[in-house]
Amino acid sequence: MNTRLTISLFAVVSFFLCPACSDEDKEDSNWGTCYDCTLDSWIGAFSGTATHFNASTLVEVDGLDITIEFEETATDYLTAYVSVPNYFSATISGAWTSPYSISFAGSGSSIFATIYKQGEDLMLNGNAKKFHYKVDSLIIDEVVNFDVYKTIN
C-alpha cells in the first residue's frame, strides 16, 4: 500500500472517530440526541467552529468559523451549504429520512451530522468531505469536522 493512501486512510479513520469521542461530553452537558426533531429543526443556518484537514498537504487547522445552512429544496429533501471561509465550501443535497441524523453524498462531496438538543438550542456534530475517484479508489481531499449551533425560533 502506498504511503499517501496509508496516510489518507489514517486521516479518514481519525476524523470518523473524533466526533464519536466527543459524544460523552455532549451527554455530560445535557445535550441529548434529538430523536423527535422535525424537518423544520434542520432548516436554517447553524454556526460554530470547525477543524479543517487537507489530505494533500497533511495540514490541520483548528478553531475555524463555519456556517452550515439547510434549505428544503423539495418535499423531505434538504440542501446543505457548508462554508468555512478561505478553506472549504460545498453544496450537498439528499433526502431527509431521519429526525436525528443526515448522511448525504454527491459525486465529489459528502456530509454527515447528528442533531442534539439542549433546551431551546440545537447543535449539529459531524463532518463534511471533498473527495475524488482515481481508478477504483476513493481519495479524500479535505475533511471538516464541526460543531455548529442555532437557537429554536
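Just so it is clear, the model here is predicted, and its values are computed rather than measured.
- Contact check for Asn127 versus Ile111: no side-chain heavy atoms found under the 4.5 Å cut-off.
- Hydrophobic clustering places Ile43 together with Ile115 (ILVMFWY residues linked when any side-chain heavy atoms are closer than 4.5 Å, directly or through intermediates).
- No donor-acceptor pair under 3.5 Å is formed between the side chain of Trp42 and the backbone N or O of Ser101.
- Inter-residue side-chain proximity for Asn125 and Tyr116 is flagged as met; some heavy-atom pair is nearer than 4.5 Å.
- Taking the six-membered ring where tryptophan is involved, the planes of Trp31 and Tyr149 are tilted, since the angle between them lies from 30° to 60°.
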message: Show, in sequence, the C-alpha distance, side-chain angles and deciding distance for Ser110 and Phe131, and conclude whether the side chain to side chain contact (heavy atoms under 4.5 Å, CB included) test is met.
response: CA-CA 8 Å; Ser110 66; Phe131 53 84; 4.0 Å; yes
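- For the residue pair Ser107 and Tyr133, the shortest heavy atom distance occurs at O-CE1, 4.1 Å.
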task: Decide yes or no on side chain to side chain contact (heavy atoms under 4.5 Å, CB included) for Asp76 and Leu39, but give the supporting numbers first.
output: CA-CA 7 Å; Asp76 291 335; Leu39 180 66; 4.0 Å; yes
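- Residues Leu124 and Thr114 have side chains not in contact (no heavy-atom distance under 4.5 Å, counting atoms from C-beta outward).
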- request: Show your reasoning for whether side chain to side chain contact (heavy atoms under 4.5 Å, CB included) applies to Val61 and Phe53.
  value: CA-CA 7 Å; Val61 181; Phe53 177 74; over 6 Å; no
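- With 3.5 Å as the limit, one finds no donor-acceptor pair spanning the side chains of Tyr77 and Glu72.
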query: Between Ser47 and Thr67, is a side chain to side chain contact (heavy atoms under 4.5 Å, CB included) present by the stated rule, with each step listed?
result: CA-CA 4 Å; Ser47 60; Thr67 301; 4.3 Å; yes
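- In this structure, His132 NE2 and Ile139 CD1 are separated by 5.0 Å, a value rounded to the nearest 0.5 Å.
- Side-chain heavy atoms closer than 4.5 Å link hydrophobic residues (I, L, V, M, F, W, Y) into clusters, and following such links, possibly through other members, connects Tyr100 to Ile68.
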Could you give the side-chain donor-acceptor pairs of residues 89-96 under 3.5 Å, partners two or more places apart or in another chain?
from: Ser93; atom 1: OG; to: Thr79; atom 2: OG1; distance (Å): 2.8
from: Trp96; atom 1: NE1; to: Ser98; atom 2: O; distance (Å): 3.0

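- For the atom pair OG (Ser41) and CG (Asp36), the distance works out to 8.0 Å, reported to the nearest 0.5 Å.
- Side chains of Thr51 and Asn145: a donor-acceptor N/O pair is absent below 3.5 angstrom, by distance only.
- Within a 6.0 Å sphere centred on CG of Asn86, heavy atoms belonging to other residues, nucleotides or ligands number 12 at most.
- The shortest distance between side-chain heavy atoms of Met123 and Asp147 falls below 4.5 Å.
- Between Phe104 and Leu78, the closest side-chain pair of non-hydrogen atoms falls below 4.5 Å.
- No donor-acceptor pair closer than 3.5 Å links the side chain of Lys117 to the backbone N or O of Tyr35.
- Lys150 contributes atom NZ, which lies 9.5 Å from atom CD of Glu69 (distance to the nearest 0.5 angstrom).
- Put simply, Phe46 and Tyr87 are part of the same group of oily side chains (I, L, V, M, F, W, Y) that touch within less than 4.5 Å, one to the next.
- A side-chain N or O of Glu142 and one of His52 form a donor-acceptor pair less than 3.5 Å apart.
- Of the possible polar contacts, none joining the Gln118 side chain to the Leu122 backbone as a donor-acceptor pair under 3.5 Å is found.
- Closest approach of Gly119 to Ile152, counting heavy atoms only: O-CD1, 4.3 Å.
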